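Read through the structure below, which is laid out as structure tokens, and then see the notes.
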4 protein chains.
Amino acid sequence: MERELLNKHGQKMGRKGLIMRKRIMDAALGLIRDASYKDLTVAEVASEASTSTSTFYVYFSDIEDVLFACVEEADQDLNQIMDVLSQDWCAENRAEKVSEFVDAYMKIWKKHSVELRVRNQEADQGNPRFLQYRLESTRDIIESLEQKVAQARPDTDNPLSLALVLFTSMERLAGVNYRAIGQTRISRKKLNNAMKELWLMLLSGSGNSV
Amino acid sequence: MERELLNKHGQKMGRKGLIMRKRIMDAALGLIRDASYKDLTVAEVASEASTSTSTFYVYFSDIEDVLFACVEEADQDLNQIMDVLSQDWCAENRAEKVSEFVDAYMKIWKKHSVELRVRNQEADQGNPRFLQYRLESTRDIIESLEQKVAQARPDTDNPLSLALVLFTSMERLAGVNYRAIGQTRISRKKLNNAMKELWLMLLSGSGNSV
Amino acid sequence: MERELLNKHGQKMGRKGLIMRKRIMDAALGLIRDASYKDLTVAEVASEASTSTSTFYVYFSDIEDVLFACVEEADQDLNQIMDVLSQDWCAENRAEKVSEFVDAYMKIWKKHSVELRVRNQEADQGNPRFLQYRLESTRDIIESLEQKVAQARPDTDNPLSLALVLFTSMERLAGVNYRAIGQTRISRKKLNNAMKELWLMLLSGSGNSV
Amino acid sequence: MERELLNKHGQKMGRKGLIMRKRIMDAALGLIRDASYKDLTVAEVASEASTSTSTFYVYFSDIEDVLFACVEEADQDLNQIMDVLSQDWCAENRAEKVSEFVDAYMKIWKKHSVELRVRNQEADQGNPRFLQYRLESTRDIIESLEQKVAQARPDTDNPLSLALVLFTSMERLAGVNYRAIGQTRISRKKLNNAMKELWLMLLSGSGNSV
DNA sequence: GATGAATGAGAATTCATTCAT
DNA sequence: TATGAATGAATTCTCATTCAT
């Protein structure tokens, strides 16, 4: 476990320290919920957390550092997803399991949409720290999905790509405020249903190959 | 007809002015090709364009402003996409048309990946200018895809959502450096094929409903 | 006559040139009517005059230069004041003449309040060009008023100071937007009457000496 | 009780902070004692105070802000004036009290001539912050003078205007470097005497009405 | 005469970061 | 632990000014 419970001064963090650290993280998240994190400053975060910038530096080395901590924290919830995925999806319960999977995934993202938007944007722009983290954090999920596709469509030669296409869509639709898509005729619920439908289509093994 | 050709000083732009404006846009794009645009500065752009920051401000009001101009310019290429989409896709040529569509879309994104990554990230973060622009710029494409889905699957009640799910994926996979996905076992080509396969699956009308 | 009708390029000004010059002056005045002239810029003036900064420099060397030209122009109206002052004020017509004088002075200032506020502020802050100009432009008026005081109060030993005190007040009250005094219970008319009353008091020779 | 002692970073100001703030104010005043404040820059002030511009911005938001603080501070001395004015001026001591009043007023203005010149110029140009401040800061004085005029001349219908005319003159003559008047034949002393003489004339109740 | 175009120079402003208490 | 205080180092931004057409 990497978190040694030390602050940036190398001191062991006590109860107060942990509380302050959390307060700073929450302040940062709150500030970027409805705004770009591009312009987030240490002073802003400190002020939002009702503390001083000096205190900020006791717990984090810079803005990226807090954000990464937030992503790490959010990621722990993501592990639950594997509960559904590690089960066996047979033809009989497939529809149900797909539904469970999509719902669970969407629910978690909704709770942590800010953190995961940060993770994806940083990773997409090539930030190595976040790139690596995303890789590790999605590896199991993606592999599991790949297997399910391979199992459902033994004939296909790139189950990974097929899984990735839908997974990518799911991640993005989950993380983005759906008003941001600018379509007034859709709702999150309809999108989720479409998502499920496409997974089912893919996993039911029907459809033409190219 | 573009808007009045005035620079930020209210002067009509002549030949020299238009050239300088373009030079600055190119400099900006060049600088963020392999890096985040988060930290792009006016000074950097001006220097890359071998001019002064003052000159920068003759043509753009800030960094966002140049980037938006770049997006606007890139977007003009996107219109070509409608050539394929405005045709009729019947069962006979469907595979061919899907392939054309995906290839054309991916090709354009490859050429303008920087601009469109900027557009999407800004829009995803709620920047209204980019949000509005993306909405307008993708409206026709999305509507057209929706129609094709509706035609292929008359039974479905939300063709729009189904189209959006795949379109979203396509956009993201196109804009992102595929190394950023962190999967070494896939290639752009494989992803494109999977993309086509999924569109075909959707448009061939087979598969279960939820 | 110093105005040689040459522009800053040493060219003789033709009709068009004179018109443009005037247009720039008017633009400058218009811009500072309700605002401080401290922040007036060449670009603003040029834009307000619907021309370019380059053209500005054909006629004026800098902002102070236009403002000085405006003051010079306004000052020509001030000469009229001497009409009333050069007359003889005897006991019989004194009230009438004082009234004429105050009214005339106030009227002119009202018309040129912007120019004269500039003149006084610059002079008050020690700007030599405006200081010298004000000195010359008020000399005759002040001397004339001094004489009238001396005549009315032969016993006083500093008629100049007495005249200056009231003249100073008159200048300031005339130049300042009376709302700026922040008293809602007074009007310009009441102030003018008080002004006349005080001049009469002074010139009627009554009152105690210190 | 002044307003909350917070600097522009929202920190409580301690001893050191208050000293630095004062040092910056003094630097600003020193720099404009013999020059226009129009061109005063943050860089200049910071340098004169032997600190950095960043430090300047810890305590003030811009040049106007320091100057306003200076005016506020100077204004506290002005309260003394009310000592003389709140007394009763009867016929017997009137000459003495007028003399005291004018001398006291002039003395204070001499000490704070820079601050008060700034206050008046900004207010005269319509700067709301200074306008409001001047209004409040002179209200008591003006009202008191009005009462004395009303008492001395029960017949007059606008004691306020009469008081304002002389008060205005006093303020301006006090704040302006008297060389700026450009009259070599007068001295501050003579002007003060004339000032007193006119107040006495007004308050002795003699003289004609218009 | 007029005006696009370009820029040097400097001013304002921000911000991360350190240090002493 | 926490935080006032101070600042270096950029960065943004403005403006007067010049030049070529």
Side-chain angles (χ1 to χ4, degrees), chain A residues 7 9 11 13-17 19-21 39-46 50-63, chain B residues 5-21 39-46 51-59 61-63, chain C residues 7 9 11 13-17 19-21 39-46 50-63, chain D residues 5-21 39-46 51-59 61-63:
Chain A
N7 66 24
H9 289 0
Q11 303 166 315
M13 276 189 280
R15 197 175 51 83
K16 279 180 70 183
I19 289 173
M20 177 62 92
R21 191 182 126 100
D39 309 309
L40 191 64
T41 68
V42 173
E44 258 183 301
V45 174
S50 306
T51 186
S52 63
T53 59
S54 333
T55 302
F56 177 95
Y57 285 100
V58 174
Y59 297 100
F60 303 100
S61 52
D62 50 33
I63 286 289
Chain B
L5 296 170
L6 297 180
N7 64 26
K8 300 283 166 181
H9 286 10
Q11 302 171 317
K12 277 176 225 134
M13 273 191 281
R15 195 177 50 81
K16 283 179 73 184
L18 288 167
I19 289 173
M20 177 61 92
R21 192 183 124 100
D39 308 310
L40 191 64
T41 69
V42 172
E44 259 182 300
V45 174
T51 185
S52 60
T53 59
S54 349
T55 302
F56 176 96
Y57 285 101
V58 173
Y59 297 100
S61 47
D62 49 33
I63 286 289
Chain C
N7 67 24
H9 289 350
Q11 305 166 315
M13 277 189 279
R15 196 175 53 81
K16 278 179 71 182
I19 288 174
M20 178 60 92
R21 192 182 125 99
D39 308 310
L40 192 65
T41 68
V42 172
E44 259 183 300
V45 174
S50 305
T51 185
S52 62
T53 60
S54 334
T55 303
F56 176 96
Y57 285 100
V58 175
Y59 299 100
F60 302 99
S61 51
D62 51 32
I63 286 288
Chain D
L5 297 171
L6 297 180
N7 65 25
K8 300 282 164 181
H9 286 12
Q11 301 171 316
K12 277 176 226 134
M13 274 191 281
R15 196 177 51 83
K16 283 179 73 183
L18 287 168
I19 289 173
M20 177 61 93
R21 192 183 125 100
D39 308 309
L40 190 64
T41 69
V42 172
E44 260 182 300
V45 174
T51 185
S52 61
T53 60
S54 349
T55 301
F56 176 95
Y57 284 101
V58 173
Y59 298 99
S61 48
D62 50 33
I63 286 289

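All values below come from the heavy atoms of this structure, side chains included, with hydrogens, waters and symmetry mates left out. Because the structure is a prediction, the values reported are computed rather than measured.
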Along DNA chain F (nearest heavy atom to each residue), the more 5'-positioned of Arg15(D) and Gly17(A): Gly17(A)
If I take atom [atom1] in residue [X] and atom [atom2] in nucleotide [N], what distance separates them, rounded to the nearest angstrom?
X: Met20(B); N: dA6(E); atom1: CE; atom2: P; result: 4 Å
X: Lys16(B); N: dA5(E); atom1: NZ; atom2: C1'; result: 6 Å
X: Phe60(C); N: dC15(F); atom1: CZ; atom2: P; result: 20 Å
X: Met13(B); N: dA5(E); atom1: CE; atom2: P; result: 8 Å
X: Asp39(B); N: dC15(E); atom1: CG; atom2: P; result: 13 Å
X: Phe56(D); N: dA12(E); atom1: CZ; atom2: P; result: 8 Å
X: Leu18(B); N: dA6(E); atom1: CG; atom2: P; result: 10 Å

Taking only residues two or more places apart in sequence or in another chain, which ones pass side-chain contact (heavy atoms from CB on, under 4.5 Å) with [X]?
X: Val42(D); result: Thr53(D), Phe56(D), Tyr57(D), Ile63(D)
X: Asp39(B); result: none
X: Ser52(A); result: Ser54(A), Thr55(A)

Is the phosphate of [N], meaning OP1 or OP2, less than 4.0 Å from a side-chain N or O of [X]?
X: Thr51(C); N: dA2(E); answer: no
X: Ser52(D); N: dA6(F); answer: no
X: Tyr59(A); N: dT1(F); answer: no

Interatomic spacing from CE in Met13(B) to CG in Leu6(B) - rounded to 0.5 Å: 7.0 Å
Pair pattern of DNA chain F in dot-bracket, where unpaired bases get dots and | marks partners in another strand, Watson-Crick or G-U under 3.5 angstrom: .||||||||||||||||||||
Per-nucleotide protein contact string for nucleotides 16-21 of chain E, where B marks a base within reach and S marks sugar-phosphate only (heavy atoms under 4.0 Å, - for neither): SBBB--
Sugar-phosphate, base or nothing in reach of Gln11(C), heavy atoms under 4.0 Å: nothing
Closest-nucleotide 5' rank along DNA chain E - winner of Gly14(C) and Val58(B): Gly14(C)
Least distance between heavy atoms, His9(D) atom then Val58(D) atom: NE2-CG2, 3.8 Å
For the student: nearest non-hydrogen atoms of Tyr59(D) and Arg21(D), plus distance: CD2-CB, 4.0 Å
Options dT3(E), dA2(F), dG4(E), nucleotide nearest the side-chain atoms of Lys12(B): dG4(E)
